[in-house]
Amino acid sequence: MSRQAEDDLVFKALAHPRRRAMLDAMKDSPCTTGVLCDRFTDLDRCTVMQHLKVLEEAGLVIARREGRERWNHLNALPIKAIHDRWISQYAAHAVSVLERLRDDLDGPAPDGA
């Protein structure tokens, strides 16, 4: 799969607020599917599983079976790749624009400063 296709899957997965909330729930420690179902009481188990499938396909969740339980682990590496490829470059550009604006507003430095 191309890097662009992988990025598209990550953006799609992150686009839904419920999936972002699920990732937040797994941030500190893995969660079983049952725990996620208990946390998101307005969703039935099938819907939780559908959201987890999208997250898994994007590589954001790694599922491990232990007996009858399915443990869902956050994999933040795809988010870091998005940050490195997109966000950091645009943030650096925005900071340089703000620095130029500040310099323009401050005007030339007074003599002797």
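All values reported here derive from a predicted model rather than from experimental measurement.
By the 4.0 Å N-to-carboxylate-O rule, Asp7 lies close enough to Arg3 to be salt-bridged with it.
Between the side chain of Arg39 and the backbone N or O of Ala21, no donor-acceptor pair lies under 3.5 Å. Within the 3.5 Å criterion, the main-chain N or O of Leu14 finds a donor-acceptor partner in the side chain of Arg20.
Counting only heavy atoms from C-beta outward, the side chains of Asp8 and Gln4 approach each other to under 4.5 Å. Side-chain contact between Asp42 and Arg18 is present, with at least one heavy-atom pair separated by less than 4.5 Å.
Taking CZ of Arg19 as the reference point, atom NZ of Lys53 lies at 12.0 Å (rounded to 0.5 Å). Expressed to the nearest 0.5 Å, how far SG of Cys31 lies from CG of Leu52 amounts to 9.5 Å. Residue Lys27 holds its NZ atom at 5.0 Å from CG of Asp24, rounded to the nearest 0.5 Å. For the atom pair NE2 (His51) and CG (Leu43), the distance works out to 5.5 Å, reported to the nearest 0.5 Å.
Grouped with Leu9 in one hydrophobic cluster are Met1, the linkage being side-chain heavy-atom contacts under 4.5 Å among Ile, Leu, Val, Met, Phe, Trp and Tyr residues. Under the 4.5 angstrom side-chain criterion for Ile, Leu, Val, Met, Phe, Trp and Tyr, the cluster partners of Leu101 are Leu105.
The environment of CZ in Arg68 is sparse: at most 12 heavy-atom neighbours from other residues, nucleotides or ligands sit within 6.0 Å.
Cluster annotation: Val35 is not connected to Leu23 through the hydrophobic network of ILVMFWY side chains, with a link wherever side-chain heavy atoms come within less than 4.5 Å. Leu55 and Ile82 fall within a single hydrophobic cluster, where Ile, Leu, Val, Met, Phe, Trp and Tyr side chains are chained together by heavy-atom contacts under 4.5 Å. A single hydrophobic cluster is not seen to contain both Met49 and Val54; linkage of ILVMFWY side chains at heavy-atom distances under 4.5 Å, directly or through other members, places them apart.
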Could you go through Lys80 and Asp84, starting from their C-alpha distance and side-chain angles, then the distance that decides it, and tell me whether this counts as salt bridge (charged side-chain N to carboxylate O under 4.0 Å, His left out)? CA-CA 6 Å; Lys80 183 182 180 324; Asp84 293 347; 2.6 Å; yes
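Contact between Pro30 and Trp71 at its shortest, heavy atoms only, is O-CZ3, 3.5 Å.
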Anything under 3.5 Å between a donor and an acceptor, one on a side chain of residues 56-67, the other on a protein residue two or more places apart or in another chain? List them.
residue: Glu56; atom: OE1; partner: Arg70; partner atom: NH1; Å: 3.4
residue: Glu56; atom: OE1; partner: Arg70; partner atom: NH2; Å: 2.6

